[in-house]
Amino acid sequence: STQEKTPQICVVGSGPAGFYTAQHLLKQHPQAHVDIYEKQPVPFGLVRFGVAPDHPEVKNVINTFTQTAHSGRCAFWGNVEVGRDVTVPELREAYHAVVLSYGAEDHRALEIPGEELPGVFSAWAFVGWYNGLPENQELEPDLSCDTAVILGQGNVALDVARILLTPPEHLERTDITKAALGVLRQSRVKTVWLVGRRGPLQVAFTIKVPRPRKRLTELLFRTATEKPGPEEAVRQASASRAWGLRFFRSPQQVLPSPDGRRAAGVRLAVTRLEGVDEATRAVPTGDIEDLPCGLVLSSIGYKSRPVDPSVPFDSKLGVIPNVEGRVMDVPGLYCSGWVKRGPTGVIATTMTDSFLTGQMLLQDLKAGLLPSGPRPGYAAIQALLSSRGVQPVSFSDWEKLDAEEVARGQGTGKPREKLVDPQEMLRLLGH
Ligand code: FAD
């Protein structure tokens with residue numbers, strides 16, 4: 001049948017999940033055509049906007065994604081927000097199958113009094129700010145205080161603590177934005193506390209994400225067991241910046257400054273563990289501790305947003321209900337990455353998971369479970385987008401922006417100076 005000969009497939013989201021799903025489909029099916037839709041004008045999701053600027057080696061996956069995008073059977077369409085510019089039913093009409101890989105962009109609220117005070121941010125927004133995510137460029141965090149408190153002890157919390165405490169000259173040759181570097185140069189933050197509800201062993205051994213578990217455990221053991229050499233001892237004695245972990249503490253309230261205008265501290269309830277193994281829970285002991293600080297960053301987890309009323313959504317877990325990537329009760333609709341599994345796991349986990357979704361889709365295709373007959377693919381969507389005044393950004397457009405960013409970084413020894421204004425990007429492309 002036609003669909004088996006030239007299946008038209010689209011993927012929503014161009015982070016690791018989107019690109020790895022596309023890669024699998026193109027490799028395993030010699031005729032498949034894959035269009036990747038992305039709401040940002042630029043590709044790569046959290047590889048560009050999440051991964052810390054001082055971990056450039058993690059971003060090497062971009063080379064593989066670029067190879068995928070260069071396939072004659074793959075196209076990238078940035079600046080197209082699914083759910084706003086085009087709907088999921090429209091995509092399902094135009095393609096034989098649709099894969100949702102749009103990540104987990106919502107952060108969980110603290111749900112405590114004082115959360116709305118100036119000086120309180122989600123760690124997510126802070127990461128987006130220093131990594132050039134357009135919607136977070138207005139954040140302008142005030143770093144004139146000497147203590148910051150991060151609520152949460154996962155890998156994002158560790159990244160944020162590191163960026164706050166790294167001497168700015170060590171970030172100068174990374175792709176951190178010029179604006180963020182400027183603010184960090186003026187920073188007076190000397191102490192960062194990472195607050196967690198449970199204890200070191202729970203963080204270190206029972207959470208499900210291997211990476212922070214490994215990192216944090218290594219860090220804990222190194223700090224606890226290694227004696228500093230003479231040079232390190234001198235450095236530590238004179239070090240102006242420090243961080244620490246506060247275990248068994250649960251946030252109760254963000255405390256206001258005397259004039260009530262901004263955050264001045266966090267009230268923490270001391271907790272203790274009850275139960276054994278998997279059933280262990282942190283319960284309050286009744287003791288309270290106030291931790292003064294001028295900056296509060298909450299990093300207690302992310303969740304996905306529903307993208308379209310026609311797509312089933314589990315709002316409690318913040319994921320699309322699915323069985324191995326097949327969206328429940330909607331034939332021809334699939335999901336991969338964080339929107340499928342929830343926001344845990346590194347890029348490698350996302351890769352395995354996306355290959356699996358690709359495999360399920362191809363199985364269904366082979367079994368004749370996808371619509372038969374030809375589908376118009378991008379031709380139909382292009383017409384819709386143009387009637388709505390939406391101008392997609394192609395992969396070769398992105399390569400022009402990429403070259404511009406690299407050129408702007410050259411003068412200052414940075415790998416790139418990211419463009420942070422979508423309007424400017426579109427202007428540079430003559431859109
Ligand atoms: P994402 O990467 O979020 O991609 C989703 C894409 O969908 C985005 O480009 C988004 O713009 C797009 N999108 C959203 N909504 C729409 C819509 N409506 N229409 C069209 N497009 C849409 N992993 C590592 O291995 N190493 C690290 O060092 C590391 N550091 C990290 C640091 C941070 C701060 C975070 C948050 C994560 C980090 N990770 C790291 C984890 C890694 O980023 C994730 O495993 C991976 O990005 C998840 O892939 P994804 O494609 O599901 O989601």
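Atoms within a ligand are numbered from 1 in the order they appear, just like the ligands themselves. Note: hydrogens, waters and symmetry copies are ignored here, and every other heavy atom, side chains too, is used. All residue numbers refer to positions in the sequence shown, counting from 1.
Within the listing of ligand 1, atoms 2 (O), 4 (O), 6 (C), 51 (O) sit less than 4.0 angstrom from a heavy atom of Gly15. Atoms of ligand 1 lying under 4.0 Å from at least one heavy atom of Gly345, given by number and element, are 41 (C), 44 (C), 45 (O). Listed by number with element, the atoms of ligand 1 under 4.0 angstrom from any heavy atom of Val127 are 34 (C). Which parts of ligand 1 touch Glu105 is read off a 4.0 Å heavy-atom cut-off, strictly below it: atoms 10 (C), 11 (O), 14 (C). Interface of Ser101 with ligand 1, defined as ligand atoms under 4.0 Å from a residue heavy atom, comprises 5 (C), 7 (O). Per-residue contacts place Glu81 under 4.0 angstrom from the following atoms of ligand 1 (heavy atoms of the residue considered): 18 (N), 19 (N). Of all atoms in ligand 1, listed by their number and element, those nearer than 4.0 Å to a heavy atom of Gln40 are 11 (O). Atom numbering of ligand 1 starts at 1 in the shown order; those under 4.0 Å from a heavy atom of Asp159 are 32 (C).
Looking at Arg375, its side chain does come within 3.5 Å of a backbone N or O of Arg92 through a donor-acceptor pair. The main-chain N or O of Tyr378 is never found under 3.5 Å from a side-chain atom of His33 such that the two would form a donor-acceptor pair. The main-chain N or O of Leu26 is found under 3.5 Å from a side-chain atom of Arg73 such that the two form a donor-acceptor pair. A side-chain donor-acceptor contact under 3.5 Å links Asp353 to the backbone of Gly337. The main-chain N or O of Leu419 is found under 3.5 Å from a side-chain atom of Glu405 such that the two form a donor-acceptor pair.
Looking at Thr350 next to ligand 1, an N or O pair under 3.5 Å apart turns up. Inclusion of Ala348 in the set of residues having an N or O under 3.5 Å from an N or O of ligand 1 is not warranted. Checking only distances, Leu46 does come within under 3.5 Å of ligand 1, N or O to N or O.
Here the shortest heavy-atom distance to atom 10 (C) of ligand 1, taken over Lys39, Arg305, Glu38, belongs to Glu38. Counting heavy atoms only, Val58 comes closest to atom 26 (N) of ligand 1 of the residues Val58, Val339, Leu158. With atom 19 (N) of ligand 1 as the reference point, the heavy atom nearest to it among Asn131, Thr344, Val61, Val82 is part of Val82.
Within 6.0 Å of atom CZ in Arg249, more than 12 heavy atoms from other residues, nucleotides or ligands are found, so the atom counts as buried in its surroundings. The environment of CD in Glu57 is crowded: more than 12 heavy-atom neighbours from other residues, nucleotides or ligands sit within 6.0 Å.
The closest approach between a heavy atom of Gly83 and any atom of ligand 1 is not below 4.0 Å. Using a 4.0 angstrom heavy-atom cutoff, Val47 does not count as in contact with ligand 1.
Counting heavy atoms under 4.0 Å from ligand 1, residue Val156 touches it through the side chain alone.
Between Phe126 and Tyr130, the two ring planes are perpendicular [angle over 60°; tilted spans 30° to 60°]. Relative orientation of the Phe19 and Phe76 rings is parallel, given thresholds of 30° and 60° on the angle between their planes.
In this structure, Tyr302 has its ring center at least 6.0 angstrom away from the ring center of His107.
Residues Ser101 and Ser336 bring a donor and an acceptor atom of their side chains to less than 3.5 Å of each other.
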